[in-house]
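Data first, discussion second: the structure below is written as structure tokens.
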2 protein chains.
Amino acid sequence: MAANESYMEKKVISIGTVCELTGLSERRIRYYEERKLIFPDRSKSGIRKYSFLDVEKLVDIANKREEGIQTSEIRKEFIKEKKYDEKTLREKVIRGQINAYFNKRS
Amino acid sequence: MAANESYMEKKVISIGTVCELTGLSERRIRYYEERKLIFPDRSKSGIRKYSFLDVEKLVDIANKREEGIQTSEIRKEFIKEKKYDEKTLREKVIRGQINAYFNKRS
DNA sequence: CGTGTAAGGAATTCTGACACG
DNA sequence: CGTGTAAGGAATTCTGACACG
């Protein structure tokens, strides 16, 4: 029981761990927040907490930046493609699980 | 892509957040580690990192403690029931996802 | 625009110990 | 046995700023 929640969207990871997971610097991660690309929660004392979904989003952002895309453009893309949109994601994750379960290759 | 990993078992949560998630004190959480009930990872500098699975396990431990069961007994139960055994869990999580997807009620 | 860095403070975590029982 | 607490130190995170470009 209680074995199934949206761990992917639960904001529990602090910035240092996010750096390790993504390879990005704290500075860059905070900057992308300033540019409205990611929205971490805050603990009572003000410490940023990220979700695994945020981590994936950051990797995606970093890749786009490598391609020279500006943060303002990246934001527009996310909105237009509805990428990282909560409902869209949930669907995607569940489908992934099902595929993995049946050993399907998409 | 890269949208599907074992977030449930990835050790990225620090003890303060685990306290909030479980309602347990740091002392108790560390003690259960001493009693070989949970096995957090450590960051380079020695800070404990827990997974969501560890969090669930801790809640389970706390419930058993409320029933008066000793930590040594809890450990035996976990081993005997193969509860929180990696393979067993993975199966369970995936089935849960599938049930949720099809709106089944078990 | 995007990111690095040094600065100082506040909050977090760690260990070992004493306490009670 | 299981858990609380005070203690001191080490590591983390935060913000605002200066830098380069």
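Residue numbers begin at 1 in each chain, while the letters A, B, ... track the order of the sequences.
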* Decide whether Asp60(B) and Tyr84(B) meet the rule of one side-chain donor and one side-chain acceptor closer than 3.5 Å. => yes
* Arg35(B) side-chain N/O to dG2(D) phosphate OP1/OP2 under 4.0 Å -> yes
* To do: Calculate the interatomic distance between Ile61(B) atom CD1 and dG2(D) atom C1'; express it in whole Å.
  => 13 Å
* **Closest to the Arg65(B) side chain, choosing from dT3(D), dT3(C), dC14(D)** => dT3(D)
* **Interatomic distance where CD1 belongs to Ile29(B) and C1' belongs to dT13(C) [whole Å]** => 12 Å
* Nearest listed nucleotide, side chain of Ile15(B), among dC14(D), dT13(C), dG2(D) -> dT13(C)
* Asked: Can you check the Glu66(A) CD to dG2(C) P distance for me, whole Å?
  -> 15 Å
* Asked: Between dG2(C) atom P and Glu73(A) atom CD, what is the distance in whole Å?
  -> 10 Å
* Structure fact -> In whole angstroms, the gap separating C1' of dT3(D) from CD1 of Ile74(B) amounts to 14 Å
* Asked: Should Arg28(A) be listed as having a side-chain N or O under 4.0 Å from OP1 or OP2 of dT3(C)?
  -> yes
* Asked: If you count the non-hydrogen atoms of other residues, nucleotides and ligands that lie under 6.0 Å from CZ in Arg95(B), is the total more than 12?
  -> no
* Structure fact -> The answer to which of Lys49(B) and Arg27(B) contacts DNA chain D further toward the 5' end, by nearest nucleotide, is Arg27(B)
* Specify the separation, in whole Å, of atom CD of Glu33(A) and atom P of dG2(C). => 15 Å
* **Protein-nucleotide distance (Arg30(A), atom CZ; dT13(D), atom P), rounded to Å** => 8 Å
* **SB check Lys11(A) Asp54(A) (cutoff 4.0 Å)** => yes
* Tell me, do Phe52(B) and Lys10(A) make a side-chain contact under 4.5 Å, heavy atoms counted? -> yes
* Indicate, with a heavy-atom threshold strictly under 4.0 Å, whether Ser25(A) touches base, sugar-phosphate, or nothing. => sugar-phosphate
* To do: Would you kindly compare Ile47(B) and Arg42(A) by the position of their nearest DNA chain D nucleotide and give the one closer to the 5′ end?
  => Ile47(B)
* From the options dG2(D), dG2(C), dT15(C), select the nucleotide whose nearest atom is closest to the side chain of Thr71(B). => dG2(D)
* Asked: Does dA10(D) pair with anything, Watson-Crick or G-U wobble, both distances under 3.5 Å, and if so, with which nucleotide?
  -> dT12(C)
* G-U wobble or Watson-Crick pairing nucleotide for dT3(C) (cut-off 3.5 Å, both distances) -> dA19(D)
* With side chains defined as the heavy atoms from C-beta onward, is the minimum distance between Ile15(A) and Ile47(A) less than 4.5 Å? -> no
* Could you state the atom-to-atom distance from CD of Glu26(A) to P of dA11(D) in whole Å? => 15 Å
* Asked: Does the side chain of Ser14(B) get closer than 4.0 angstrom to OP1 or OP2 of dT13(C) through an N or O atom?
  -> yes
* To do: Return no unless some side-chain N or O of Ser45(B) is found under 4.0 Å from OP1 or OP2 of dT13(C).
  => no
* Side chain of Gln70(A) (C-beta onward), nearest among dG2(C), dT3(C), dT13(C) -> dG2(C)
* Phe39(B) side chain near Glu33(B) side chain, heavy-atom distance below 4.5 Å -> no
* Taking the nucleotide of DNA chain C with the closest heavy atom to each, which residue, Ile69(A) or Gly16(B), is nearer the 5' end? -> Ile69(A)
* With respect to the phosphate group of dG4(D), does any side-chain polar atom (N or O) of Tyr31(B) fall under 4.0 Å of OP1 or OP2? -> no
* Think Arg48(A) has a side-chain N or O under 4.0 angstrom from the OP1 or OP2 of dT12(C)? -> no
